[in-house]
Amino acid sequence: MAPAVRPMGILALAITMIAVSAPILYSLASPYLPILSSYLESLSPSMARRFTPPANNSSSSSASPPPTPFECQPHAYRTEIVSVDPLLIYIESFLAAAEIDALLAAGEAAFAPSRVHKGGRDRGTADRTSSSAGLARDDPAVGCVLARAEAFLGALLDAGRDDVGPPQLVRYTAGQRFNRHRDWYERPQPARAGMLGRGCSWNRVASFFAVLQDGCTGGETWFPLVNAPAPARVGSDGDGAARPLWRTHEDGGLAFRPFAGNALFWVNLFPNGTGDERTVHAGLPLEGGLKTAMNIWPRKFYE
């Protein structure tokens, strides 16, 4: 007589068969589960959820979209003549917010201690304690702003000979400064291979100084030998407070406070090519926070 099959053995066999056949049955039935789910939804939403296949999470649905490429857009700005002789112009909203973001991104990785040109070479000095970063001309945002600066210059530059110049970011943190200095050279500099201008020598005919970040106290740009006959206009900061855009400095001249997006423009050279001593200026010490700006030095070339 055959031995009797124990009930526990039958149960174990049944569980094994179900475990083996379940994946096969699910693969055969999965194409029809959405149809069944739609039908059950009309009867009971909670029951429909039991038969809805799980979502496929293998794709990176949470990945951020790629950054939008920068596009140069038409941009309006407002100018005010602060001084006629020497010529100093205040430019309100010279840079758009999107341009500021793109310029900062273009130069952020390149900041290094600032240097000055002395004795025929670039060197570090205690007179200038900021950090600087060169900007590539082929960057779309850089090209956009340089084109605006070149259009602003008009006939001051000879399009076939002169060059708007390579731009530079400059950054100040607490305690940093740039003592009194001039942007022009006492003698024109010899032209070097790779320069875009045409001529044997060159000098900085003018300067743009545009502010990108103004989250700071102190850090004014001071022109000790420039005065204005009329009081400064008032601008509104991010906190809505109205403050003068510049003031009369206690030691004479005018001190311009940092204001993001705004810029200063001045002419460095007389028509005969000699430098104007009245354009001497300084970056006053930053009391706290961060100030980032952009220098553009248009180059006049000579035979």
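Considering every non-hydrogen atom in both L104 and L169, the closest pair reads CA-CD1, 4.4 Å. Summarising the geometry of F209 relative to T221, their closest heavy-atom pair is CE2-OG1, 3.5 Å, with the distance given to 0.1 Å. Across all their heavy atoms, G289 and L286 have their closest contact at O-CD2, 3.6 Å. The two residues V82 and A228 come nearest to each other via the heavy atoms O-CB, 3.8 Å. Between A102 and F70, the shortest heavy-atom distance links the atoms CB-CD1, 3.8 Å. For the residue pair P298 and L153, the shortest heavy atom distance occurs at CG-CD1, 3.6 Å.
Pairs passing the disulfide (SG to SG under 2.5 Å) check and including a residue from residues 169-212, sequence neighbours excluded, do not occur. Among pairs with a residue in residues 65-115, those fulfilling disulfide (SG to SG under 2.5 Å) read C72-C144, at least two apart in sequence or across chains. Judged as a salt bridge (charged side-chain N to carboxylate O under 4.0 Å, His left out), the pairs with a partner in residues 67-84 (not counting sequence neighbours) are, in order, E80-R233. Pairs engaging residues 185-202 under the salt bridge (charged side-chain N to carboxylate O under 4.0 Å, His left out) rule: R182-E186 [sequence neighbours left out]. Each salt bridge (charged side-chain N to carboxylate O under 4.0 Å, His left out) pair with one or both residues in residues 93-105, not counting sequence neighbours, appears once here: E99-R148.
To the nearest 0.5 Å, atoms CG (L212) and CG (L290) are separated by 10.5 Å. Note that the OG1 atom of T292 and the CG atom of D214 stand 9.5 Å from one another [nearest 0.5 Å]. With rounding to the nearest 0.5 Å, the separation of OG in S83 from CD1 in I89 is 10.0 Å. The distance from the CD atom of Q168 to the CG atom of L135 is 8.5 Å, given to the nearest 0.5 Å. Between the CZ atom of F178 and the OG atom of S132 there is a distance of 8.5 Å, given to the nearest 0.5 Å. Atom CZ of residue R115 and atom CG of residue D122 lie 6.5 Å apart, to the nearest 0.5 angstrom.
Contacts of R180 classified as salt bridge (Lys or Arg N to Asp or Glu O under 4.0 Å), with partners at least two apart in sequence or in another chain: none. Every salt bridge (Lys or Arg N to Asp or Glu O under 4.0 Å) that R171 has, sequence neighbours left out, goes to E108. With sequence neighbours left out, the salt bridge (Lys or Arg N to Asp or Glu O under 4.0 Å) criterion links D139 to no other residue. Partners of R161 under the salt bridge (Lys or Arg N to Asp or Glu O under 4.0 Å) rule, at least two apart in sequence or in another chain, are E303. Here T173 pairs with Q176 under the side-chain hydrogen bond (donor to acceptor under 3.5 Å, both in side chains) rule; sequence neighbours left out.
Note on V84: it clusters hydrophobically with I91, by side-chain heavy-atom contacts below 4.5 Å among ILVMFWY residues. Cluster membership for L146 and F152, using ILVMFWY side-chain heavy atoms within less than 4.5 angstrom, is shared. L157 and Y302 fall within a single hydrophobic cluster, where Ile, Leu, Val, Met, Phe, Trp and Tyr are joined by side-chain heavy atoms under 4.5 Å apart, directly or via other members. Put simply, L103 and W297 are part of two different groups of oily side chains (I, L, V, M, F, W, Y) that touch within less than 4.5 Å, one to the next. Two different hydrophobic clusters hold L156 and L88 under the rule that ILVMFWY side chains link at heavy-atom gaps under 4.5 Å.
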Can you give the donor-acceptor pairs under 3.5 Å from side chains of residues 263-270 to other protein atoms, not counting sequence neighbours?
| from | atom 1 | to | atom 2 | distance (Å) |
| --- | --- | --- | --- | --- |
| W266 | NE1 | N268 | OD1 | 2.9 |
| N268 | ND2 | R204 | O | 3.3 |
| N268 | ND2 | A206 | O | 3.3 |
| N268 | ND2 | S207 | OG | 2.9 |

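Taking a 6.0 Å sphere around CD1 of I81, one finds it holds 12 or fewer heavy atoms contributed by other residues, nucleotides or ligands.
Taking Ile, Leu, Val, Met, Phe, Trp and Tyr as members and joining any whose side-chain heavy atoms lie under 4.5 Å apart, directly or through other members, the hydrophobic cluster of V280 also contains L225.
Within the 6.0 Å centre-distance limit, the rings of Y90 and W246 are counted as a close aromatic pair.
By the 30° and 60° cut-offs, the orientation of the rings of F223 relative to H281 is parallel. Below 30°, between 30° and 60°, or above 60°: for H75 and Y77 the angle between ring planes is between 30° and 60°, a tilted geometry.
Judged purely by distance below 3.5 Å, without hydrogens or angles, the side chains of N262 and E92 never pair a donor atom with an acceptor atom. If you check the side chains of S131 and S114, you find no donor sitting under 3.5 Å from an acceptor.
Put simply, the side chain of D162 never gets that close to the backbone of K300: no donor and acceptor are under 3.5 Å apart. In this structure, T125 contributes its side chain and R128 its backbone to no donor-acceptor pair below 3.5 Å. The backbone N or O of G219 sits less than 3.5 Å from a side-chain atom of K291, completing a donor-acceptor pair. A distance-only check finds no donor-acceptor pair linking the side chain of R299 to the backbone of W202 [under 3.5 Å].
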Report the C-alpha separation of V170 and M294 in whole Å, then their side-chain angles, then the decisive distance to 0.1 Å, and conclude whether the side-chain contact (heavy atoms from CB on, under 4.5 Å) test is met.
CA-CA 6 Å; V170 59; M294 178 176 63; over 6 Å; no

CA sep, side-chain torsions, deciding dist, call: L245, V234, side-chain contact (heavy atoms from CB on, under 4.5 Å):
CA-CA 6 Å; L245 297 173; V234 171; over 6 Å; no

Run the ring pair (Phe, Tyr, Trp, His ring centres under 6.0 Å) check on F94 and F208 step by step: do they pass?
CA-CA 10 Å; F94 183 68; F208 291 88; 5.7 Å; yes

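Of the candidates T279, N203, T274, W184 forms a side chain to side chain donor-acceptor pair (under 3.5 Å) with just one, namely T279.
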